[in-house]
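Report on the following structure.
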2 protein chains.
Amino acid sequence: MTPEEQRINDKLVGVYNNIVQIEEIELKKSQFKDLSIKEIHTINAIGMYHRKTSSQVAQALNVTPGTLSVSINNLVRKGYAERLRSEDDRRIIHLGLTRKGRLMYRVHQAFHRKMVQSFLRGLNEPEVQMVERALDNLQYFLDQHQGD
Amino acid sequence: MTPEEQRINDKLVGVYNNIVQIEEIELKKSQFKDLSIKEIHTINAIGMYHRKTSSQVAQALNVTPGTLSVSINNLVRKGYAERLRSEDDRRIIHLGLTRKGRLMYRVHQAFHRKMVQSFLRGLNEPEVQMVERALDNLQYFLDQHQGD
DNA sequence: CATTATTATTTTGATATTCAAAGTAGTTGG
DNA sequence: CCAACTACTTTGAATATCAAAATAATAATG
């Protein structure tokens, strides 16, 4: 790698490594100490409105249905999520958040908002667009490596 | 969040989620199928030269010494890493990579290089600097949330 | 309409990752 | 020398994960 590539790689890796960790720390400071980061991401994937099915949420999280099922068991036990059997097709489970789950969702959204605002601090509009372009580039690269 | 914040947040999250997953896929295509992503990151943290101690590597990876110890047991068993007891102070363990571990290190570096190059594709020098600034911003935000 | 196939989800058994706390071994200061 | 400290390892418990088997509901077919 050129020194510049190395430097940017290090920054990407640094940011990458810190993000989960900070989320973990923020979490432990909050009122939701009984949740792991994975569980928070599951709550996020379930989202605010009772619509998605188990399979859809599993797909969004890139885990098998079995993995999700176990994790939903825990979230139900802890009072953050609920299962809602579809009346149309009784095989299907719609997932939803409880009041406590929705509160958690909003707290985590607020954290992400602060993070994004900080990411963009001091950048003007064309600069923001450029950052978006770099992110799109990176996503394109990742998509290309997805299937093969 | 404003629509723009939401869009950039989604891109960050998208990139974030894909990276581990792609690394996992690349890995399974490679000759190192017996390693997990976590183990690769551990190999990376150990680095090419026999210098870092167990504690330093644990700190770099943000895991407890116990976690690292377990993980090093596995890497030693699989032939990627070795423990070198310090002669100066026999409590201290220096970690090193075997030939196989160093090979793995280089393969993973090459992947990162491709990733960074793709991230910066089509950007000129001032644009690259801007992206770096955004990354610095984000890191600054993360650092601020580190200690408190 | 009864049986078979398909679909959605859950359970189970196995392995990995992680932490906190207890344990082991080496060093240092009094 | 012994108490305190430091570096690391082990252990026990929780979560995370998958593949495969199990359950249950619906759809399709003869």
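The chains referred to below are lettered A, B, ... by the order of the sequence lines, with proteins before strands, and numbering in each begins at 1. Because the structure is a prediction, the values reported are computed rather than measured.
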May I have the distance from [X] (atom [atom1]) to [N] (atom [atom2]), rounded to whole angstrom?
X       : N      : atom1 : atom2 : value
B:Gln59 : D:dT6  : CD    : P     : 14 Å
A:Ile93 : D:dA25 : CD1   : C1'   : 11 Å
A:Arg85 : D:dT26 : CZ    : P     : 9 Å
B:Ile40 : C:dA16 : CD1   : P     : 15 Å
B:Arg83 : D:dA7  : CZ    : P     : 16 Å
B:Asn73 : D:dT11 : CG    : P     : 10 Å
B:Lys33 : C:dA16 : NZ    : P     : 17 Å
B:Ile72 : D:dT9  : CD1   : C1'   : 12 Å

**OP:** Check every strand shown and say whether B:Ser69 touches a base, only sugar-phosphate, or nothing at a heavy-atom separation below 4.0 Å.
**Re:**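 Base contact.
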Flag yes if more than 12 heavy atoms outside [X] fall under 6.0 Å of its [atom1] atom; otherwise flag no.
X        : atom1 : answer
A:Tyr16  : OH    : yes
A:Gln109 : CD    : yes
B:Lys11  : NZ    : yes

**OP:** Output the single nucleotide from D:dT26, C:dG26, C:dT10 whose closest atom is nearest the side chain of A:Arg90.
**Re:** D:dT26
**OP:** Looking only at side-chain atoms of B:Asp89, point me to the closest of D:dT9, C:dT10, C:dG26.
**Re:**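 Nearest to the side chain of B:Asp89 among the choices is C:dG26.
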Original post:
Are B:Val70 and B:Leu35 linked, directly or through other ILVMFWY residues, by side chains that come within less than 4.5 angstrom of each other?
Top reply: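 No, separate clusters.
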**OP:** Kindly work out whether a path of hydrophobic side-chain contacts (I/L/V/M/F/W/Y, heavy atoms less than 4.5 Å apart) joins B:Val13 to A:Val13.
**Re:** no
Original post:
Will you find, in the side chains of B:Glu23 and B:His112, an N or O donor that is under 3.5 Å from an N or O acceptor?
Top reply: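 Short answer, yes.
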**OP:** Check whether the side chains of B:Asp34 and B:Tyr80 place a donor and an acceptor atom closer than 3.5 Å, and report yes or no.
**Re:**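 A pair is found: one side chain offers a donor N or O, the other an acceptor, under 3.5 Å apart.
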Subject >> Residue pair A:Ile46 / A:Tyr105, side-chain heavy-atom distance below 4.5 Å >> reply: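 A:Ile46 does not reach A:Tyr105 side chain to side chain.
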Is there any protein nitrogen or oxygen under 3.5 Å from a nitrogen or oxygen in nucleotides 13-18 of chain D, and what are the pairs?
| residue | atom | partner | partner atom | Å |
| --- | --- | --- | --- | --- |
| D:dA16 | OP1 | A:Ser36 | OG | 2.4 |
| D:dT17 | OP1 | A:Lys38 | NZ | 2.8 |
| D:dC18 | OP2 | A:Thr64 | N | 3.0 |
| D:dC18 | OP2 | A:Thr64 | OG1 | 3.3 |
| D:dC18 | OP2 | A:Thr67 | OG1 | 2.6 |

Original post:
If only atom types and distance count, is the side chain of A:Arg85 paired as donor or acceptor with the main-chain N or O of A:Ile93 below 3.5 Å?
Top reply: no
Review item, nucleotides 4-7 of chain C N/O atoms under 3.5 Å of protein N/O:
| residue | atom | partner | partner atom | Å |
| --- | --- | --- | --- | --- |
| C:dT7 | O4' | A:Arg91 | NH1 | 3.4 |
| C:dT7 | O2 | A:Arg91 | NH1 | 3.2 |

